Amino acid sequence: MPELPEVEIVKRSLKNNIENKKIKKVIIKNRNLRFKIHKKFENILKGKFIINVQRFSKYIILTLDNNSYCLIHLGMSGTLHILNNNKKKVITNLSFYHSPNLPKKHNHVHIIFDKFKIIYNDPRRFGFLKLIETPNKLRGFFSNYGPEPFDETFNISYLKSKLNYKSKNIKNYLLDQKFVSGIGNIYASEILFNSKINPQRSSGHLTQEDYKNIIFFSKKVLNNSIKKGGSTIQNFKNTKGYSGSFQKEFKVYDRENEKCLKKNCKGIIKKIVISNRSTFFCDLCQK
DNA sequence: AAGAGGCCCTGATAGC
DNA sequence: TGCTATCAGGGCCTCT
């Protein structure tokens, strides 16, 4: 599900709720996520204060009061829910995939605080929670990741150094977290549409102008989405609580056979598969 | 070594 | 209605 903007929205809500709160207890119903949750996970979290909530790329980073960290990655279908301890009612829903009510199944991890609890739900179990023991190990973990589009190091000379003479198509590069962090399948299509670049273009053949557009629109598309509260693909009736609206602004994603929205363009949006992922673009205005 | 594709998993939807 | 096939926002691993 979640790309950088969605994770950013979840992080902000989470930050408001759990920063400087003490973890009373952790209950794990199912350890078999993308990676098996460590057997000491519950004991290590128990009694710790969460002194900071941050995000890098698609990861939520909880800093604990002993300078260790708990990473949360939502994978494709992970959601977080904040529930009142007693009434079992959802207080705040950090959901972008499900209805705002707590799903009945797949509530794998319960992190219990004094007056409320956080529940990690994930039907497909592509997400994971991971403990990192020290600041050094945290740096090590993220050292394999490229800069976020907002980072000043994501600039023309960086793109040139990474993309020059490369045959891999540009869409795959945007999805490659070692190249740039936080972009997923939806925003890759959107960024390339805005940049007027065909997703199949071989990266080595991009021009300076293309680099500039990729840098500019990566920031712009992600920022716009954050402003709109992210994207909620699955829409439910009677939706309450947090639910993004950026999907209403998709220019190409999930718009196969619809008209290109670029002014004066007569194109029809095409859907192709690149490395097993759906890719949407207009072959008239994206060259 | 770079790059393409398979695979992990469940659930929603489309088509018959 | 009920079956089956296809697809889904991520990312690691393997093979060529």
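The structure displayed is predicted, hence computed values, not measured ones. Lettering of chains follows the sequences in order, A, B, ..., and the numbering in each one begins at 1.
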How many whole angstroms separate atom CG of A:Asp122 from atom P of C:dA8?
18 Å
Please find out if less than 6.0 Å separates the ring center of A:Tyr187 from that of A:Tyr253.
no
Looking across every strand, which nucleic acid part, if any, lies under 4.0 Å from A:Tyr173 by heavy atom: base, sugar-phosphate, or nothing?
sugar-phosphate
With a 4.0 Å cut-off on N to O distance, would you call A:Lys48 and A:Asp65 a salt bridge?
no
Calculate the interatomic distance between A:Lys162 atom NZ and B:dA1 atom P; express it in whole Å.
14 Å
Counting only side-chain N and O atoms of A:His73, is one of them less than 4.0 Å from OP1 or OP2 of C:dG10?
no
Just to be sure I understand the geometry, which residues of residues 125-145 of chain A put a non-hydrogen atom under 4.0 Å away from DNA chain C?
A:Phe126, A:Tyr145
Whole angstrom is fine here: how far is it from NZ in A:Lys58 over to C1' in C:dG11?
8 Å
Would you indicate what A:Asn276 reaches in the nucleic acid, counting non-hydrogen atoms under 4.0 angstrom: base, sugar-phosphate, or nothing?
base
Indicate whether OP1 or OP2 belonging to B:dC9 is found under 4.0 Å from a side-chain N or O atom of A:His106.
no
Considering just the side-chain nitrogens and oxygens of A:Lys105, establish if one lies under 4.0 Å of OP1 or OP2 belonging to B:dG11.
yes
From CG of A:Asp176 across to C1' of B:dG3 the rounded distance in Å is 10 Å
Starting at the 5' end of DNA chain B, which residue's closest nucleotide do you reach first, A:Lys166 or A:Arg34?
A:Lys166
Is the shortest side-chain N/O distance from A:Lys271 to OP1 or OP2 of C:dA8 below 4.0 Å?
yes
Do the charged groups of A:Glu190 and A:Lys220 touch, with an N to O distance under 4.0 Å?
no
Taking the six-membered ring for Trp and the full ring for Phe, Tyr or His, determine whether the centres of A:Phe142 and A:Tyr145 are under 6.0 Å apart.
yes
Provide, to the nearest angstrom, the distance between the CZ atom belonging to A:Arg277 and the P atom belonging to B:dC7.
16 Å
Would you mind classifying the nucleic acid contact of A:Asn172 as base, sugar-phosphate or nothing, using non-hydrogen atoms under 4.0 angstrom?
sugar-phosphate
Give a yes or no on whether a donor-acceptor pair under 3.5 Å exists between the nucleobase atoms of C:dA8, that is its base, and the side chain of A:Arg124.
yes
Cationic N near anionic O, under 4.0 Å, A:Lys270 to A:Glu256
no
Just how far, in rounded Å, is C1' of B:dG5 from CG of A:Leu175?
14 Å
Does any part of the side chain of A:Ile156, heavy atoms only, come nearer than 4.5 Å to the side chain of A:Tyr211, both counted from C-beta?
yes
Side chain of A:Ser278 (C-beta onward), nearest among B:dG3, C:dA8, C:dC12
C:dA8
Would you check if there is a donor-acceptor pair between the side chains of A:Arg201 and A:Asn198 at a distance under 3.5 Å?
no
Between C1' of B:dG3 and CZ of A:Phe179, the distance in whole Å
15 Å
So what does A:Lys178 hit on the nucleic acid, given a heavy-atom distance under 4.0 Å: a base, only sugar-phosphate, or nothing?
nothing
What do you reckon, is NZ of A:Lys266 surrounded by more than 12 foreign heavy atoms closer than 6.0 Å?
no
Structure string for DNA chain B in dot-bracket form, Watson-Crick and G-U at under 3.5 Å, | interchain
.|||||||.|||||||
Taking only N and O in the side chain of A:Tyr187, is any of them less than 4.0 Å away from OP1 or OP2 of C:dG9?
no
If we only count heavy atoms from C-beta on, is the A:Ile214 to A:Leu206 side-chain gap below 4.5 Å?
yes
A:Lys168 bridged to A:Asp176 by N-O distance under 4.0 Å:
yes
Nearest-Å distance for atom pair CD/P, residues A:Glu256 and C:dC7
11 Å
What integer number of Å spans the P atoms of B:dC9 and C:dC3?
24 Å
Residues A:Arg31 and A:Glu42 bridged, charged N to O under 4.0 Å
yes
OP1 or OP2 of B:dG3 sitting under 4.0 Å from any side-chain N/O of A:Ser167?
yes
